[in-house]
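Questions regarding the structure given below will be posed in turn.
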Amino acid sequence: MKGLLLLCQLLLFGVRGQSSSVCPQLCSCHGGQVDCSGRSLTSSLLPTHFPPGTTELRLHNNLLTTLPNGLLDDLTSLSSVSLHGNPWTCNCGVLYLRAWLVRQPTSQISHLNVNCSSPPSMRGRLVVYLTEEEVLESCHYWYCDLALVSQVCLFVFVVVQAALLVAVIVFLRRFERMSREARRTTKESFTAGEGLMGTEYEPLRDSSI
């Protein structure tokens, strides 16, 4: 039983090791060179891993706007990466790419022509020379939108409640006025009826006398 378990573990590790060294789909590999250039790859279609022995990675002339966090960190043999020709979006999503470029030796040319395509205020800027502060200023967090929506909903709720309260007050005042008019009309009708009955009984009294 232990031998069977050990065999399964060896097979599992073997499959994992083989899958990590396999050339990514949509790319071509020659030795340590992995070429994924000119394939219209978007950030969502970009391979999630590359062979650990990759020395040269070509990602230029695609449709990449960001790089997934940690994508290049495990490639210890990597000596060259081409990233130009992509429409990089310089917001919070570019922080990993910027940090990776900053860590590279000055002898490497990975940062060349890695320019921002958006937002308009940063178009044409080299990603490696962006400051962290100006990138963070362009960040737009989802919870800020949620807070704004919550405030708007709260304001609308208060306005609706105030409108309902005013409507109830107006209705109660109108109802009270109508009730007073109804009581007054009933009282006048009752008084008029008593007076009429009194005039009818008067001739009867005279005749009986």
Side-chain angles (χ1 to χ4, degrees), residues 12-151:
L12 180 60
F13 290 143
V15 170
R16 286 182 178 177
Q18 184 178 3
S19 63
S20 63
S21 62
V22 171
C23 185
Q25 192 176 6
L26 302 177
C27 302
S28 61
C29 300
H30 303 283
Q33 181 190 94
V34 179
D35 188 1
C36 305
S37 62
R39 288 168 168 79
S40 299
L41 294 177
T42 61
S43 297
S44 59
L45 294 177
L46 190 66
T48 57
H49 65 275
F50 297 98
T54 301
T55 57
E56 181 180 356
L57 180 60
R58 298 180 178 180
L59 297 175
H60 59 274
N61 296 337
N62 282 300
L63 300 175
L64 303 177
T65 56
T66 60
L67 283 186
N69 291 339
L71 179 67
L72 306 176
D73 293 347
D74 295 332
L75 303 180
T76 56
S77 301
L78 195 62
S79 59
S80 174
V81 180
S82 58
L83 297 165
H84 60 274
N86 287 291
W88 300 108
T89 301
C90 293
N91 55 15
C92 290
V94 83
L95 286 174
Y96 170 72
L97 174 60
R98 174 192 169 278
W100 186 86
L101 291 173
V102 169
R103 291 196 305 267
Q104 302 313 301
T106 55
S107 58
Q108 288 195 14
I109 57 174
S110 302
H111 65 277
L112 293 180
N113 297 321
V114 184
N115 302 326
C116 302
S117 292
S118 61
S121 59
M122 296 184 182
R123 185 172 298 159
R125 297 273 305 276
L126 285 173
V127 173
V128 70
Y129 293 136
L130 295 175
T131 64
E132 188 172 344
E133 289 75 15
E134 62 184 340
V135 174
L136 291 175
E137 286 178 359
S138 67
C139 295
H140 196 62
Y141 296 106
W142 63 269
Y143 47 80
C144 294
D145 293 335
L146 181 61
L148 179 61
V149 171
S150 300
Q151 291 179 355

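All residue numbers refer to positions in the sequence shown, counting from 1.
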Heavy-atom closest contact (Glu132 atom, Arg98 atom, distance): N-NH2, 3.7 Å
Just so I know, are the side chains of Pro52 and Asp74 near enough to count as touching, which here means a heavy-atom distance under 4.5 Å? no
Give the minimum heavy-atom separation between Glu56 and Leu78, together with the two atoms involved. N-CD1, 4.1 Å
Less than 4.5 Å apart, any side-chain heavy atom of Pro24 and any of Val34? yes
Any side-chain donor near an acceptor of the partner, Thr55 and Ser79, under 3.5 Å: no
Under the criterion side-chain contact (heavy atoms from CB on, under 4.5 Å), I'd like the reasoning laid out for Val114 against Val128: C-alpha separation, chi angles, the key distance, then a yes or no. CA-CA 8 Å; Val114 184; Val128 70; over 6 Å; no
Tell me if a side-chain donor or acceptor on Arg39 pairs with a main-chain N or O of Asp35 at a distance below 3.5 Å. yes
Show the numbers, then the answer: is there a side-chain contact (heavy atoms from CB on, under 4.5 Å) between Thr66 and Tyr96? CA-CA 8 Å; Thr66 60; Tyr96 170 72; over 6 Å; no
Nearest heavy-atom contact between Leu71 and Pro47 is CD1-O, 3.5 Å
Within the 4.5 Å heavy-atom criterion, are Leu95 and Asn69 side-chain neighbours or not? no
Is there a donor-acceptor pair under 3.5 Å between the side chain of Gln33 and the backbone N or O of His30? no
Please report the shortest heavy-atom distance between Cys36 and Leu41, naming the atom on each side. O-CD1, 3.7 Å
Are the side chains of Val127 and Leu83 in contact, using a 4.5 Å heavy-atom criterion? no
Would you sort out whether Leu46 and Leu67 count as a side-chain contact (heavy atoms from CB on, under 4.5 Å), showing the intermediate values? CA-CA 8 Å; Leu46 190 66; Leu67 283 186; 3.7 Å; yes
Within the 4.5 Å heavy-atom criterion, are Leu126 and Leu101 side-chain neighbours or not? no
Could you check whether any side-chain N or O of Asn86 sits under 3.5 Å from a backbone N or O of Trp88, counting only pairs where one atom can act as donor and the other as acceptor? no
Atom of Gly38, atom of Asn62 and distance for their closest heavy-atom approach: N-OD1, 3.7 Å
Assess the residue pair Arg103 and Asp73 against the criterion (side-chain contact (heavy atoms from CB on, under 4.5 Å)); give the C-alpha distance rounded to whole Å, side-chain angles, the decisive distance to 0.1 Å, and a yes or no. CA-CA 11 Å; Arg103 291 196 305 267; Asp73 293 347; 3.4 Å; yes
Checking Ser43 side chain against Thr65 main chain: does a donor-acceptor pair fall under 3.5 Å? yes
Report yes or no: does Arg123 contribute a side-chain atom to a donor-acceptor pair with the main-chain N or O of Ser117 at less than 3.5 Å? yes
For a quick test of reading the model, state the closest non-hydrogen atom pair linking Met122 to Cys116 and the distance between them. O-CB, 3.1 Å
Find out whether Glu137 and Thr131 are in side-chain contact, i.e. whether some heavy atom of one side chain is under 4.5 Å from a heavy atom of the other. no
